[in-house]
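Structure record follows, encoded as structure tokens.
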Amino acid sequence: MTPSPERSTPAPHQGRGELRAAEDHHPQPGAGTPAAPPLLLLAHGSRDPRHAATVEALADAVRALAPHLPVTTAYLDHCAPRIAQVAPRLTGAIAVPLLLNRAFHAKHDIPAALRAAGSSIPVADVLGPSPLLLAALDRRLAETGLDVADPAVRARTGVVLAAAGSSDPAANATTRAVAAEWRRTRGWAAVTTAYASATTPTVPDALAELRTTPTVRTTAVAPYLLAPGLLPDRIATAATTAATDHLAPVLGPAPELARLLLTRHTEAATATGTPAARTA
């Protein structure tokens, strides 16, 4: 599935010093240098066909940015091909997990799946936190009609950053830190977190809290999720029932997400002493 072109949405603030150099620029190997290691994009998988379609669209977006980089997808569960079918034949690759936080899947499931497949390929860091994710969240909120570029609009808007939720307290703490950074760098009236499972608050509870904030005149719910599925649908239903003013789509194949996948690949390639991918 080829993603439709997406126009760039400028972030109202870029942040001061927190953007890693690799997230602005992907080093290109010089003439005659070895090819960059293939990128193995590892996703969780879902019974919902929209999940795999989104992952493949994101892989296509990465290929468009780095045409000379081989990109292959594999899944932990539900979808094909599984990690065991792909990883053993990609001995020189770097695995990049399509995960936002270092929770159970990153700490346990992916390493275990690679070990079971007899693969020792290096695994890049998870995607979050990153200023590129904040820019992707801005993009998705802008698509709802919210003027995210207007400081006055941001100053009266309260946002719920709605994540999947985890039994790992550290992962939930990371999501709260992302919310705090998004508020600090954008000037939202408030940003609070909510979760679709495993922990609280729920989206309706988070919206109710926002509405008690004197400066909040408009509310928005921004799913901090990568692809459609059961939990994003749960968030959307709860946000609609609780009458939020704006409901963003999931991050999906946002251009910022494709750049971030290449960033994590570049970082891991650098750590192993191999060349980075050439971008278009």
Assess the residue pair R259 and E256 against the criterion (salt bridge (Lys or Arg N to Asp or Glu O under 4.0 Å)); give the C-alpha distance rounded to whole Å, side-chain angles, the decisive distance to 0.1 Å, and a yes or no. CA-CA 5 Å; R259 286 177 55 205; E256 297 84 1; over 6 Å; no

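- Of the N and O atoms on the side chains of T175 and N101, at least one donor lies less than 3.5 Å from an acceptor on the other residue.
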Does the pair H51 and S46 meet the rule for a side-chain hydrogen bond (donor to acceptor under 3.5 Å, both in side chains), with working shown? CA-CA 6 Å; H51 176 92; S46 169; 4.9 Å; no

Apply the test side-chain contact (heavy atoms from CB on, under 4.5 Å) to residues L226 and H44: give CA-CA distance (whole Å), side-chain angles for both, the deciding distance (0.1 Å), then the verdict. CA-CA 11 Å; L226 296 167; H44 182 270; over 6 Å; no

Might you work through the side-chain contact (heavy atoms from CB on, under 4.5 Å) test for L134 and V178, ending with a clear yes or no? CA-CA 8 Å; L134 300 185; V178 169; 3.9 Å; yes

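- Clustering ILVMFWY residues whenever any of their side-chain heavy atoms sit less than 4.5 angstrom apart, transitively, puts L99 in a cluster other than the one holding L251.
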Give the C-alpha distance, both sets of side-chain angles, the deciding distance and a yes or no for salt bridge (Lys or Arg N to Asp or Glu O under 4.0 Å) between D168 and R102. CA-CA 9 Å; D168 185 338; R102 281 195 58 78; over 6 Å; no

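- Distance check, rounded to the nearest 0.5 Å: OG of S119 to CZ of R89 gives 11.5 Å.
- Of all non-hydrogen atoms in V203 and A162, the two that sit nearest each other are CG2-CB, 4.1 Å.
- Put simply, the side chain of L225 reaches to within 4.5 Å of the side chain of I235, judged on heavy atoms.
- L69 and L40 sit in two unconnected hydrophobic clusters of ILVMFWY residues. Membership requires side-chain heavy atoms under 4.5 Å apart, directly or through other members.
- When hydrophobic clusters are built by joining Ile, Leu, Val, Met, Phe, Trp and Tyr residues whose side-chain heavy atoms come closer than 4.5 Å, directly or via intermediates, V62 is grouped together with Y75.
- Using bins of under 30°, 30° to 60° and over 60° for the plane-to-plane angle, the ring pair W182/W188 lands in the perpendicular bin.
- A salt bridge between R50 and D233 is present, with a side-chain N of the basic residue lying under 4.0 Å from a carboxylate O of the acidic one.
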Decide side-chain contact (heavy atoms from CB on, under 4.5 Å) for I94 and I121; before the verdict, give the C-alpha distance in whole Å, the side-chain angles of both, and the deciding distance to 0.1 Å. CA-CA 6 Å; I94 289 174; I121 63 174; over 6 Å; no

Assess the residue pair L260 and L133 against the criterion (side-chain contact (heavy atoms from CB on, under 4.5 Å)); give the C-alpha distance rounded to whole Å, side-chain angles, the decisive distance to 0.1 Å, and a yes or no. CA-CA 8 Å; L260 183 52; L133 288 173; 3.6 Å; yes

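- L141 is not connected to V250 by any chain of hydrophobic side-chain contacts under 4.5 Å among Ile, Leu, Val, Met, Phe, Trp and Tyr, and they are in different clusters.
- Within 6.0 Å of the CZ atom in R211, the count of heavy atoms belonging to other residues, nucleotides or ligands exceeds 12.
- When hydrophobic clusters are built by joining Ile, Leu, Val, Met, Phe, Trp and Tyr residues whose side-chain heavy atoms come closer than 4.5 Å, directly or via intermediates, L146 is not grouped with V216.
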